[in-house]
Participant: 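Got a structure for you, written out below as structure tokens; questions coming shortly.
Lettering of chains follows the sequences in order, A, B, ..., and the numbering in each one begins at 1. For the numbers below, each heavy atom of this structure counts, side chains included, while hydrogens, waters and symmetry mates do not.
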Protein chains: 4
Amino acid sequence: MKREIHASVKDEQLIKKRRSQMIRGAVSLFKQKGFHRTTTREIAQASGFSIGTLYEYIRTKEDVLYLVCDSIYEEVSERLGRMDLDKGTLASLKIGISHYFKVMDDMQDEVLVMYQEAKALSPEALPYVLKKELEMVGMFEQLINCCVEKGELDIGKEHQQLLAHNIFVQGQMWGFRRWALKKAFSIDDYIKLQTDLLFSGIKGYQPQV
Amino acid sequence: MKREIHASVKDEQLIKKRRSQMIRGAVSLFKQKGFHRTTTREIAQASGFSIGTLYEYIRTKEDVLYLVCDSIYEEVSERLGRMDLDKGTLASLKIGISHYFKVMDDMQDEVLVMYQEAKALSPEALPYVLKKELEMVGMFEQLINCCVEKGELDIGKEHQQLLAHNIFVQGQMWGFRRWALKKAFSIDDYIKLQTDLLFSGIKGYQPQV
Amino acid sequence: MKREIHASVKDEQLIKKRRSQMIRGAVSLFKQKGFHRTTTREIAQASGFSIGTLYEYIRTKEDVLYLVCDSIYEEVSERLGRMDLDKGTLASLKIGISHYFKVMDDMQDEVLVMYQEAKALSPEALPYVLKKELEMVGMFEQLINCCVEKGELDIGKEHQQLLAHNIFVQGQMWGFRRWALKKAFSIDDYIKLQTDLLFSGIKGYQPQV
Amino acid sequence: MKREIHASVKDEQLIKKRRSQMIRGAVSLFKQKGFHRTTTREIAQASGFSIGTLYEYIRTKEDVLYLVCDSIYEEVSERLGRMDLDKGTLASLKIGISHYFKVMDDMQDEVLVMYQEAKALSPEALPYVLKKELEMVGMFEQLINCCVEKGELDIGKEHQQLLAHNIFVQGQMWGFRRWALKKAFSIDDYIKLQTDLLFSGIKGYQPQV
DNA sequence: GATGAATGAGCTTTCATTCAT
DNA sequence: AATGAATGAAAGCTCATTCAT
């Protein structure tokens, strides 16, 4: 599933180093002007090497986008992976959400970039990215499901699944709607308020059958 | 605030007609390939006229995007505007949400386009679009606030505001995450489940101070 | 030699009127932005009618340039034609020059336009314009030649011919170098000084054989 | 004052070479069809490289015109600069004029191009070109002024200034009126006759006060 | 392994001209 | 006779990609 991006250069160490320079440069450019308005020359320059060198490590401009997206998911996954998914307490769920939201806050720019540019990936690369997303949603589903199994939570399968999506989107939302949210809330406010809404719902309401 | 897009043609009736052809054509193309990968010639062709004619009704390619975004907001606003915002019952809030989600379902393609391409608008056009978004979020805030004032709901100002954002984003989410959601839910499922989650929260949870 | 510019309209009176509107509008535009940077739409607008009407009175954009050039020559010729070419006195030559320079001063804009844009005429139209120029140079030659024949002047055929060219060009020069000349001289200064230089030459010089 | 034309290429040697190819190609095209009727593709082709390469060495089509004008002035200035401006004898003035006219003869095409197209330069570039012209006129003024100071010539400041302009324009005139002058004169005839007219004036004339 | 000059397909936009009304 | 909407060839310019050094 994971696409191997072709490099002409053999030295794996070097590839890693150059690509990391590349990703850093590209994220900063994509953030400012988006993928389409950024030229390969600019990416090369921001990466600290020449256009010729850039093409020693990728085959097409889209490869850069893929590398960027991949690296972002990698980092998010990695940071979320540290959570204990199987505790099965509401407290641990709450901690998980809070942790995720904080990661999203740290990676605002990256999230924004991915959010806006991922659709520019080719039809071959897109599925991999979407799969990664589902994996992450899956983490929240697992977190929630454990609570249900431990009897801490009483919601159906479908509610669980949608809840996981909601949490995931609310994390991203902090990134892509920050033009509106940041005016009103700090990240800590945001975490507190979202948690309240998620957990307590709206008082007095009874779901109808 | 609203930008007037310049047309060389004088006949207002005709401008309206041609622009609506243009928007229809453009939405369908942007949906498939995005704004940047769509050429002006393709837009002209999809609109049913020549490239020369296209430019009689706009000045730049970006004008097309603006017209598309504007028309989408116009339609969404118009359809939401029919809701009764001041009833102040939970039932009316629920109906409002359901109504909004259904509009989002009807306009999936348009929403997706706007969602992904709005950021390609120039810095001059963007504020207008964002303002429109806030207006719509504002509608939900009002809907919620009425319930609070009528004593049907007991949540603070900030929770109200964030709740409005959440509802708004959940509507869009049905459009931009349909690759994942549609597999699991119909729009009616989606409405039912989201309403449940919004209103009942997660049973057993007590917000901490 | 003179090109008939085709008009779809029959009424000769009207053709004359419309074309004169056209020339007035075009001169003012060509002056500002040159022939190539002026659009036919602008010409139509400046003439007070629609683009469709413009094309009822010409066949191509170049026709407008031709009409402009022709009308300028017409006016210059007509005004110069009033001079008495056969008096044969130095005084009358001086008067002729002064008269011509004043015409050039009155018609600065037109002269500038013609000067800069005539070369844009098609190979078919150019000869007519050049012929007109030679006619005008010919007037000065005649003026000079009369003086020679009356014994007022003692210069050879070739000197006569070149002198006529010089006078002609010095008239135009007042138009096309006004960015430099106007800073230093009024038109009356200019006439006085040029006449001095033309007639007295440089004191103390003896032409060598 | 002098505009630096931007090049993407860094090798200064190469820039020089390519631009000289470019100027040669462009002059030949501008001569035939003028600046506006010449396309950038044609310029590239005439220069011996691709359109892409052309734009590595300039930013806009107008840059080509500027480079052409600049190079012409450079060459004319350089060749005139070799004259001894401070000798102060009529003979040296005569030699200067003759030298200048010969330069103009050698550079007929270039002069014609500059003459007809310079006005197409942008308002930012034009002043530089005009300044160059005044510098060259200034050379003749100096040449003349030395003669006056050495007592070889007896004309006032204003006559000196205008005389310099006349000489300058007569040089250009050999280029831009060659359609008429070449029929009658060789360059040597032209030099001889113009010198006669300039220096001896018209016999028998007495300037009036 | 690094460089950057060269390439040309392809893009947006303009505008002279036509023709149905 | 007048109008102005429609047309599309053609223009200027960009930029992803290649490849000789």
Side-chain angles (χ1 to χ4, degrees), chain A residues 7-11 14-15 18 36-45 48-64, chain B residues 7-11 14-15 17-18 36-44 48-64, chain C residues 7-11 14-15 18 36-45 48-64, chain D residues 7-11 14-15 17-18 36-44 48-64:
Chain A
S8 308
V9 169
K10 298 288 159 238
D11 183 338
L14 197 51
I15 294 179
R18 293 275 180 262
H36 284 103
R37 293 201 211 276
T38 299
T39 68
T40 50
R41 278 170 152 87
E42 288 170 327
I43 296 170
Q45 193 176 25
F49 37 72
S50 72
I51 181 69
T53 301
L54 181 73
Y55 275 86
E56 294 287 312
Y57 296 92
I58 52 159
R59 264 229 253 266
T60 69
K61 184 184 174 189
E62 208 218 271
D63 284 350
V64 180
Chain B
S8 306
V9 167
K10 290 166 185 173
D11 183 335
L14 197 53
I15 292 178
K17 182 179 154 200
R18 293 276 177 263
H36 284 105
R37 293 203 208 276
T38 300
T39 70
T40 50
R41 282 191 145 73
E42 287 170 329
I43 296 170
F49 35 69
S50 71
I51 182 67
T53 300
L54 180 72
Y55 276 90
E56 292 285 306
Y57 295 92
I58 52 158
R59 266 225 251 267
T60 68
K61 185 184 175 189
E62 208 219 272
D63 284 351
V64 179
Chain C
S8 309
V9 168
K10 298 286 160 240
D11 183 338
L14 196 51
I15 293 179
R18 292 277 180 258
H36 284 103
R37 294 201 209 278
T38 300
T39 68
T40 51
R41 278 170 152 89
E42 288 169 328
I43 295 170
Q45 193 176 24
F49 38 70
S50 72
I51 181 69
T53 300
L54 181 73
Y55 274 86
E56 294 287 313
Y57 296 92
I58 52 159
R59 264 229 251 266
T60 70
K61 186 185 173 188
E62 208 218 271
D63 285 352
V64 180
Chain D
S8 306
V9 168
K10 289 166 185 173
D11 183 337
L14 197 53
I15 293 178
K17 183 179 154 198
R18 292 277 178 262
H36 284 103
R37 293 203 210 277
T38 300
T39 70
T40 52
R41 281 182 150 79
E42 287 169 328
I43 296 171
F49 35 72
S50 71
I51 181 68
T53 299
L54 180 72
Y55 276 90
E56 292 283 308
Y57 296 91
I58 52 158
R59 266 225 250 266
T60 68
K61 186 186 175 189
E62 207 220 272
D63 284 351
V64 180

Participant: Quick one: on DNA chain E, does S50(D) or R41(C) contact a more 5' nucleotide (nearest heavy atom)?
Facilitator: S50(D)
Participant: To the nearest angstrom, how far is R18(B) atom CZ from dG4(F) atom P?
Facilitator: 16 Å
Participant: Might you point out which heavy atoms bring T40(C) and Y55(C) nearest each other, and give the distance in Å?
Facilitator: CG2-OH, 3.5 Å
Participant: For a 4.0 angstrom threshold against heavy atoms of chain A, report the outermost contacting nucleotides of DNA chain E in 5' to 3' order.
Facilitator: dG1(E) to dA6(E)
Participant: Give me the ring orientation class for H36(B) and H36(A): parallel if the planes are under 30° apart, tilted from 30 to 60°, perpendicular past 60°.
Facilitator: parallel
Participant: Got a second to check how far L54(C)'s CG is from D63(C)'s CG, nearest 0.5 Å?
Facilitator: 9.5 Å
Participant: Taking all non-hydrogen atoms of both residues, which atom of Y57(D) and which atom of T53(D) are closest, and how far apart?
Facilitator: CD1-O, 3.0 Å
Participant: Closest-nucleotide mapping onto DNA chain E: is D11(D) or T38(B) further toward the 5' terminus? I mean the 5' end.
Facilitator: D11(D)
Participant: For DNA chain F, write out the stems as range with range, using runs of 3 or more consecutive Watson-Crick or G-U pairs with both distances under 3.5 Å.
Facilitator: E:2-21 with F:2-21
Participant: Looking at dT3(F), I'd like to know if its phosphate oxygens (OP1 or OP2) sit under 4.0 Å from a side-chain N or O belonging to Y55(C).
Facilitator: no
Participant: Do other residues, nucleotides or ligands put more than 12 heavy atoms under 6.0 Å from Q45(A) CD?
Facilitator: no
Participant: Taking all non-hydrogen atoms of both residues into account, name the closest pair between V9(D) and I15(D) and its distance.
Facilitator: O-CD1, 3.3 Å
Participant: Any side-chain N or O of T40(A) less than 4.0 Å from the OP1 or OP2 oxygen of dA16(F)?
Facilitator: yes
Participant: Take atom CD of E56(B) and atom P of dT7(F), then tell me their distance rounded to the nearest Å.
Facilitator: 10 Å
Participant: Specify the separation, in whole Å, of atom CG of L54(D) and atom P of dG12(F).
Facilitator: 10 Å
Participant: When the distance from CD1 of I51(D) to P of dC15(F) is rounded to whole Å, what number comes out?
Facilitator: 14 Å
Participant: If you assign each of K10(C) and G52(D) to its closest nucleotide in DNA chain F, which residue comes earlier from the 5' end?
Facilitator: K10(C)
Participant: Just to be sure I understand the rule, does R37(B) reach a base, reach only the sugar-phosphate, or reach nothing, if contact means heavy atoms closer than 4.0 Å?
Facilitator: nothing
Participant: Write down the distance between NZ (K61(A)) and C1' (dT14(F)), rounded to a whole number of angstrom.
Facilitator: 11 Å
Participant: Between R41(C) and I51(C), what is the shortest heavy-atom contact and its length?
Facilitator: N-CD1, 3.9 Å
Participant: Could you tell me which non-hydrogen atom of T38(B) sits nearest to which non-hydrogen atom of K61(B), and how far apart they are?
Facilitator: O-NZ, 2.8 Å
Participant: Over how many whole Å does the gap from D63(A) atom CG to dA16(F) atom P extend?
Facilitator: 13 Å
Participant: Considering every strand and a 4.0 Å limit on heavy-atom distances, what is the contact class for T39(B): base, sugar-phosphate, or nothing?
Facilitator: sugar-phosphate
